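We use all heavy atoms of the structure for the numbers below, so side chains are in, but hydrogens, waters and symmetry mates are not. Owing to the predicted nature of the structure, the values given are computational and were not obtained by experimental measurement. Each ligand, and each atom within it, is numbered from 1 in the order the structure gives.
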Amino acid sequence: MRTLLRGGAVVSGSGTQKLDILVENETIYQVGQALPAGGAEVVDCAGRLLFPGFIDGHTHFDLEVGGTITADDFASGSRAALRGGTTMVVDFAAPDKGDTLAYGLGRWREKAAGRSACDYGFHMTIDDWNEGISRELAEMMEQGVSSFKMYMTYPAMMLPEGDMYRVLRRLRELGGIAGVHCENSGLIDALTAQAKAAGRMAPASHPRTRPAPLEAEAVGHLLRMAQVADVPVIIVHLSARESLEEVRAARRRGQTVYVETCPHYLLLEDSVYDNPDFLEAAKYVCAPPIRKREDREALWEALKNGEIQTVATDHCSFTLAQKRAGRYDFTKIPGGLPGVEHRGLLLYSSGVAEGRISEADMCRVLCENPAKLYGCWPRKGTLAPGSDADIVVWDPAAEGVITAGDQAQHVDYTPYEGMRTRGGIDRVYLRGKLAAECGRVLDTAGVFVPRGKCML
Ligand code: MN
């Protein structure tokens, strides 16, 4: 089967060029000017941008947290992803303490297999350390799981510092890389106890008990450990201006640091927590919390100048009924926001259309950099001969409004309700197959994508 995408402007991290793309079966066969149709089905892409399929390096589908389970599983989450141009997600496999990594990976492969409509890989959470896990890290690398997650907060998942160092050293040997959730756990606990003792139980206490300096402190702390361990690391969901300063300091010392941020930190601000209506405020509870306007502006600036390498969603959706669990205690609100469906649209609308970033920047942070960072380049993340034919046909002239009533995410709200958007998606191809068209998601079958070492 051959498809010729004719007359579009192909976007890469270095610019935009008018080129045709010829797809044969699952891969891109040729990219060039005025390609002959041969027997191919011709799709007119005049006036359209052609992006590589977006990669979301941070999702939580089908995850149990605090006695409840995320509203999106791999079936609904992947369909929402495709509707928004995301053709691959890297989800977090999370074994419980005491489990082997193999058991954790097996569980996540079962959750995704036969259900995920988009392609997928897994990061592996390391929440425990012993000889067995050390050995298993090599097996994970062999099975195409090359990135690992550690937490500096959440008692159920935290590792002692000595063990974090041991993990970093072991990853250095194997060529794996760690992404770390950076927040100072001890002080957050103390601030939380203080808020509760004062009877401040509303969602407004959430950002106040997790202030930016406690993220920045943990970022600095991690980066000093990484300096001694002599390894690159990834700061996931960086949200604060002060955290960027810690990253800059480490880079000045000569360290390699990769930074991810999320659309909600780029688009929203912390006044959302002051809404007197419980659910209106609770629906924005996530960690780190949404920050101040100055933080948001600092993140855009860092995105533009290349200090932030990737934008992922940290999609972790809960319905309003689930959020209600924290009605009388903000610490019981399940933390996380839906977003896997809207990332491209948000970044284009608030970034490209507003002149804050270019189309090439958008391609770098949504496609090229995640593919390189997570070791699946050039199979993913670029529109080049031999690459998977994951293609987003983007209409820069489209306009729309984000509403909960018009989304494939299996959740009854969106943090971006009523937001007017610019740009939109005509078609999404997953390995050559039409996966979404004009907001309609078709039936596709995602595959596990084994990944190698970081190439960024
Ligand atoms: Mn997360």
Relative to the ring of Trp394, is the ring of Tyr348 parallel (under 30°), tilted (30 to 60°) or perpendicular (over 60°)? tilted
Indicate every side-chain donor-acceptor pair of residues 132-139 with a distance under 3.5 Å to a residue at least two apart or in another chain.
residue	atom	partner	partner atom	Å
Ser134	OG	Arg170	NE	3.2
Glu136	OE1	Leu101	N	2.7
Glu136	OE2	Leu101	N	3.3
Glu136	OE2	Ala102	N	2.7

Measuring from the Mn ion (ligand 1), count protein N/O/S atoms under 2.8 Å, please. 3
Any donor-acceptor pair under 3.5 Å linking the side-chain atoms of Asp72 with those of His315? yes
With a cut-off of 3.5 Å and sequence neighbours excluded, list every side-chain donor-acceptor pair involving residues 403-411.
residue	atom	partner	partner atom	Å
Thr403	OG1	Asp406	N	3.4
Asp406	OD1	Arg83	NH2	2.6
Gln407	OE1	Gln409	NE2	2.8
Gln407	NE2	Val411	O	2.9
Gln407	NE2	Tyr413	O	3.1
Gln409	OE1	Gly339	N	3.1
Gln409	OE1	Val340	N	3.1
Gln409	OE1	Glu341	N	3.1
His410	ND1	Ala71	O	3.2

Is the ring pair Phe122/Tyr120 parallel, tilted or perpendicular, if the boundaries are 30 and 60 degrees? tilted
Exercise answer: donor-acceptor pairs, residues 207-218 side-chain atoms, under 3.5 Å, sequence neighbours excluded:
residue	atom	partner	partner atom	Å
Arg208	NH1	Ala204	O	3.4
Thr209	OG1	Ser205	O	3.0
Thr209	OG1	His206	O	3.0
Arg210	NE	Glu183	OE1	3.3
Arg210	NE	Glu183	OE2	3.1
Arg210	NH2	Glu183	OE1	2.9
Glu215	OE1	Ser239	OG	2.5
Glu215	OE1	Arg291	NH2	3.0
Glu215	OE2	Ser239	N	3.0
Glu215	OE2	Ala240	N	3.4
Glu215	OE2	Ser243	OG	2.7
Glu217	OE1	Asn184	ND2	3.0
Glu217	OE2	His221	ND1	3.2

